[in-house]
Undergrad: 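The structure follows.
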Amino acid sequence: MSRILAIDYGKKRTGIAVTDPLQIIATGLTTVPTVQLMDFLKKYVRQEAVERIVVGHPKQMNNEDSENMKRIVPFVNLLKKQLPDIPVELFDERFTSVLAHQAMLAGGLKKKDRQNKALVDEISATIILQSYMEARKC
C-alpha cells in the first residue's frame, strides 16, 4: 500500500502529516513555509508512494467556506496540475487548531512549546488526517 498525506494549508506555514504505508497510523511529518510547499511535495512523492492527498477544507460554523478558501482553491488546482496522478480531496478542518492546542496541553507541553505555531500546524494536519481515516472506516 501507499501513504495518505494531509495538508493544513496556511498563508505562511503549512503543516503536513502522513500515514504509515499500511494506512493505520497518522503521524505529523513537518511544517514547511508555504512558499516552499510545492517543491517539498514533489520531492516527497518521488521518495514515497502517496495514494492521495487530503487538504484541510476551512469551513465556518454555518458550514460555509471560510475566508481562507480563496487561498486553498488555487493551491488545490496547482496541486492537481503538478501531481496529476495523485487524487486530491478536501476534508473539513473545523476545530483542528483548537484540538491541536488541547492535545498539546494533554501531552504536557510547556507554554513555550504550545506557542510554536509550526508545531500547531503539524498537529492540525495530523488531526485532519486521523479524522479523514476515521470517516473512511464508516
Side-chain angles (χ1 to χ4, degrees):
M1 289 183 81
S2 54
R3 299 175 190 272
I4 300 172
L5 185 140
I7 296 173
D8 181 32
Y9 188 86
K11 187 176 180 181
K12 295 179 182 177
R13 290 171 314 280
T14 297
I16 301 171
V18 293
T19 64
D20 61 294
L22 296 176
Q23 300 179 8
I24 297 170
I25 299 168
T27 307
L29 180 62
T30 190
T31 301
V32 297
T34 299
V35 297
Q36 298 172 10
L37 178 59
M38 194 55 66
D39 290 337
F40 176 88
L41 292 173
K42 286 195 262 186
K43 182 179 177 186
Y44 186 82
V45 301
R46 279 195 305 267
Q47 296 171 347
E48 297 287 340
V50 175
E51 175 182 306
R52 72 183 53 249
I53 298 173
V54 178
V55 178
H57 186 169
K59 291 187 174 189
Q60 299 176 31
M61 291 302 295
N62 64 3
N63 212 29
E64 291 182 13
D65 291 344
S66 76
E67 186 70 20
N68 198 35
M69 195 62 184
K70 69 182 179 197
R71 288 192 268 303
I72 301 285
V73 170
F75 167 69
V76 168
N77 290 337
L78 179 63
L79 193 55
K80 289 177 178 179
K81 185 178 179 183
Q82 296 282 325
L83 301 171
D85 297 331
I86 302 174
V88 178
E89 290 184 48
L90 292 173
F91 191 79
D92 190 348
E93 70 172 25
R94 278 180 284 191
F95 308 116
T96 55
S97 292
V98 172
L99 292 170
H101 279 102
Q102 289 175 347
M104 293 168 88
L105 275 171
L109 288 177
K110 293 181 171 73
K111 184 176 182 179
K112 185 175 181 176
D113 293 330
R114 293 192 312 262
Q115 292 171 336
N116 178 347
K117 292 180 181 176
L119 182 58
V120 172
D121 293 338
E122 184 179 324
I123 293 171
S124 293
T126 307
I127 292 168
I128 291 167
L129 184 52
Q130 187 66 45
S131 299
Y132 173 82
M133 290 167 52
E134 289 170 6
R136 278 193 354 167
K137 289 180 185 175
C138 298

Undergrad: Quick check: is Val88 connected to Ile86 through a chain of hydrophobic side chains (ILVMFWY, heavy atoms under 4.5 Å apart)?
TA: yes

Undergrad: Listed by chain and number, what are the side-chain hydrogen bond (donor to acceptor under 3.5 Å, both in side chains) partners of Thr19, not counting sequence neighbours?
TA: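 Here no residue qualifies.
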
Undergrad: What pairs of residues pass the ring pair (Phe, Tyr, Trp, His ring centres under 6.0 Å) test when at least one of them lies in residues 51-73, not counting sequence neighbours?
TA: none

Undergrad: Show which residues join Leu22 in its hydrophobic cluster (side-chain heavy-atom contacts under 4.5 Å, direct or indirect), or state none.
TA: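 Taking Ile, Leu, Val, Met, Phe, Trp and Tyr as members, Leu22 shares its hydrophobic cluster with Ile24, Ile25.
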
Undergrad: To the closest 0.5 Å, what do you measure between CD (Glu93) and OH (Tyr132)?
TA: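 Taking CD in Glu93 and OH in Tyr132, the distance rounds to 15.5 Å.
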
Undergrad: Got Val76 and Tyr9 here, is their nearest side-chain heavy-atom distance under 4.5 Å?
TA: no

Undergrad: Can you confirm whether Leu5 sits close enough to Leu41 that some side-chain heavy atom of one is under 4.5 Å from a side-chain heavy atom of the other?
TA: yes

Undergrad: Output the distance between atom CG (Asp8) and atom CD1 (Ile127), rounded to the nearest 0.5 Å.
TA: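 With rounding to 0.5 Å, CG (Asp8) is 9.0 Å from CD1 (Ile127).
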
Undergrad: Answer with yes or no whether the hydrophobic clustering places Ile7 together with Ile4; edges join I, L, V, M, F, W, Y residues whose side-chain heavy atoms lie under 4.5 Å apart.
TA: no

Undergrad: Is there a path of hydrophobic side-chain contacts, each under 4.5 Å between heavy atoms, that joins Ile128 and Leu37?
TA: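 Ile128 does not cluster with Leu37.
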
Undergrad: Not counting sequence neighbours, list each pair that qualifies as a side-chain hydrogen bond (donor to acceptor under 3.5 Å, both in side chains) and has a residue in residues 21-33.
TA: Gln23-Glu51, Gln23-Arg136

Undergrad: Which pair of heavy atoms, one from Ala6 and one from Ala125, lies closest together, and at what distance?
TA: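 Closest heavy-atom pair between Ala6 and Ala125: CB-O, 3.6 Å.
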
Undergrad: Any link between Val54 and Val50 through a network of hydrophobic side chains (Ile, Leu, Val, Met, Phe, Trp, Tyr) touching at under 4.5 Å?
TA: no

Undergrad: Is there a donor-acceptor pair under 3.5 Å between the side chain of Thr34 and the backbone N or O of Gly10?
TA: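 Yes: the side chain of Thr34 pairs with the backbone of Gly10.
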
Undergrad: Would you name the heavy atoms of Val18 and Leu129 that are closest together and state the gap between them?
TA: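 Heavy atoms only, the tightest pair is C-CD2, 3.3 Å.
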
Undergrad: Considering residues at least two apart in sequence or located in another chain, which fulfil the side-chain contact (heavy atoms from CB on, under 4.5 Å) criterion with Pro87?
TA: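 For Pro87, the residues satisfying side-chain contact (heavy atoms from CB on, under 4.5 Å) (neighbours in sequence not counted) are Arg52.
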
Undergrad: Following the transitive rule for hydrophobic clusters with a side-chain heavy-atom cut-off under 4.5 Å over Ile, Leu, Val, Met, Phe, Trp and Tyr, establish whether Val55 and Met133 coincide in one cluster.
TA: no

Undergrad: The criterion is side-chain contact (heavy atoms from CB on, under 4.5 Å); which residues satisfy it with Lys42, sequence neighbours excluded?
TA: Met38, Asp39, Arg46, Gln82, Leu83

Undergrad: What heavy-atom pair brings Leu90 and Gly56 nearest, and what distance separates the two atoms?
TA: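 Distance-wise, the nearest heavy atoms are CD2-O, 4.5 Å.
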
Undergrad: Listing request: all salt bridge (charged side-chain N to carboxylate O under 4.0 Å, His left out) pairs with a residue in residues 12-22, at least two apart in sequence or in separate chains.
TA: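 Salt bridge (charged side-chain N to carboxylate O under 4.0 Å, His left out) check on residues 12-22 returns Arg13-Asp121.
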
Undergrad: How would you list, by chain and number, every residue that makes a ring-ring contact (aromatic ring centres under 6.0 Å, His included) with Tyr44, sequence neighbours excluded?
TA: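 None.
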
Undergrad: Which ILVMFWY residues are connected to Met1, directly or by a chain of links, through side-chain heavy atoms under 4.5 Å apart?
TA: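 For Met1, no cluster forms, as it stays isolated from other hydrophobic side chains.
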
Undergrad: Ignoring hydrogens and angles, write down the donor-acceptor pairs under 3.5 Å from the side chains of residues 68-75, residues two or more places apart or on other chains.
TA:
| from | atom 1 | to | atom 2 | distance (Å) |
| --- | --- | --- | --- | --- |
| Asn68 | OD1 | Arg71 | NE | 3.1 |
| Asn68 | OD1 | Arg71 | NH2 | 3.4 |
| Lys70 | NZ | Glu67 | OE2 | 2.6 |

Undergrad: For residues Leu29 and Glu122, report the shortest heavy-atom separation together with the two atoms involved.
TA: N-OE2, 3.8 Å

Undergrad: Sequence neighbours left out, what passes side-chain contact (heavy atoms from CB on, under 4.5 Å) with Asn62? Give chain and number order.
TA: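 Listed in chain order: Gln60, Glu64.
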
Undergrad: Looking at every heavy atom in both Ala49 and Ser2, which two are closest together, and how far apart are they?
TA: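 For Ala49 versus Ser2, the nearest heavy atoms are O-CB, 3.2 Å.
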
Undergrad: Hey, what do you get for CD1 (Ile16) to OG1 (Thr126), rounding to the nearest 0.5 Å?
TA: 10.5 Å

